[in-house]
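So the structure is just underneath, and the comments pick up after that.
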Amino acid sequence: MQNISPLPKRLKLLFVSTPVGGLGTGLGGGVELSLYNIAKYFIEQGHTLQIVAPSGSLWNRDIFNIVEITGNLQIIAQIQERDTPITMPDNSLLANMWEYARSVQNEYDLIVNFAYDWLPFYLTPFFQTPIAHFVSMGSLSNALDTVIAQISKLYPGTIGFYTPSQGATFPSLTPPLYYLSSGIDLSLYQFCAEPKEQLAILGRISPEKGLEDAVAVAAQTNIPLKIMGKIQDQAYWQKIINDYQGAPIEYLGFLPTDKMQQVVRECKALLMAPRWVEAFGNVAIEALACGVPVISYARGGPAEIVKDGKTGFLVEPDSVTGLIDAVKRLDSIDRYECRKQAETEFSLLPLGARFLQWFEDILQRIQRM
Ligand code: UDP
């Protein structure tokens, strides 16, 4: 019989962030919010946590222990083809972040990778400290698929996803796989019962988000659309503006959570028109938390979140007509049901508890090996 020593009650964790942009800039998308919430949970529970992040990260240093790393940003996966070879810029930020992680690894029980990049998976067998990989997007790259499959086989249970529909986009994975969903600090989102005659779309401005379909809805219904988020693809944004001159749209920039929810809560609905399999769609639960129904194409994460006809509508993917029909049916949605769903399914404590369980399972499995 093996002698298994009990796990430490307080874990020493090293979170390694995404190398596509500083924390708080919006360039990292929803994984920034997830990292923020998970980190806060572990700090509040008394665990030791350091975050490795790109220089220029904006988070409050009174709360978070952040080590800033310099180097050139990694190219985002969304703009590459499936068979594009893995590329690294000179003085790679990603490589520098992982070089730092390597140098301090012995001080930690577990390293958690939040980057959607090939390198951390490839490096995993070269580390002595175990690495948990939180995968934040669906499958986009053959090379990344292969290395994720390899790591799931070599180190079972170390791969975590947001949702089963996201996980299903990856081939040849070895179970167990962890589906961690998401969660938010509900106290930051205020309920609004009486919306204005306006719609919202939230998120990075990039082709996979299908912003043009939401703008088409505004143009055809004449209901104003508030657009919030980081412009990641300037040419894409410019084309939408040119194509839809006169549409009642307003771009408000990338807003911090507090300002963003003040706008979203006064909207009749949040529109989501993803072209890809959205891994989760944190914006959906943020809208629900304000009592705002979500109208989304029925694919990926939002299809697992929205209760069709109760907390929003799931419509045929890529159908602008479907979105417009749903907008017309919004009066049948009870906004209290939306807030209730956020409270019962997407609060912060259960999210943190799921991550803790995942980390403990990994450490226990390693002890048994
Ligand atoms: N967001 C924000 N301010 C804005 C627009 C978006 O803070 O003005 C955040 C939003 O809260 C969410 C993230 O951007 O956390 C978008 O995440 P999502 O999971 O919806 O999509 P992703 O970018 O990861 O594909």
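Counting starts at 1 for both ligands and their atoms, following the listed order.
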Under 4.5 Å between side-chain heavy atoms, chaining through other members, with only Ile, Leu, Val, Met, Phe, Trp and Tyr counted: pull out the rest of the cluster around F254, sorted by chain and number.
-> none
Charged N to carboxylate O under 4.0 angstrom, E278 versus R299?
-> no
When you look for protein heavy atoms under 4.0 Å from ligand 1, which residues do they belong to?
-> G29, G30, L33, L202, G203, R204, K209, M228, G229, G253, F254, L255, M260, W276, E278, G281, N282, V283, E286
For Q232, side chain to side chain donor-acceptor pair (under 3.5 Å) partners two or more places apart = R204
So, Y108 versus Q50: side-chain donor-acceptor pair below 3.5 Å or not?
-> yes
Please check if any side-chain donor atom of N37 sits under 3.5 Å from a side-chain acceptor atom of D185, or the reverse.
-> no
Qualifying ring pair (Phe, Tyr, Trp, His ring centres under 6.0 Å) pairs, either residue in residues 223-242, two or more places apart = W237-Y251
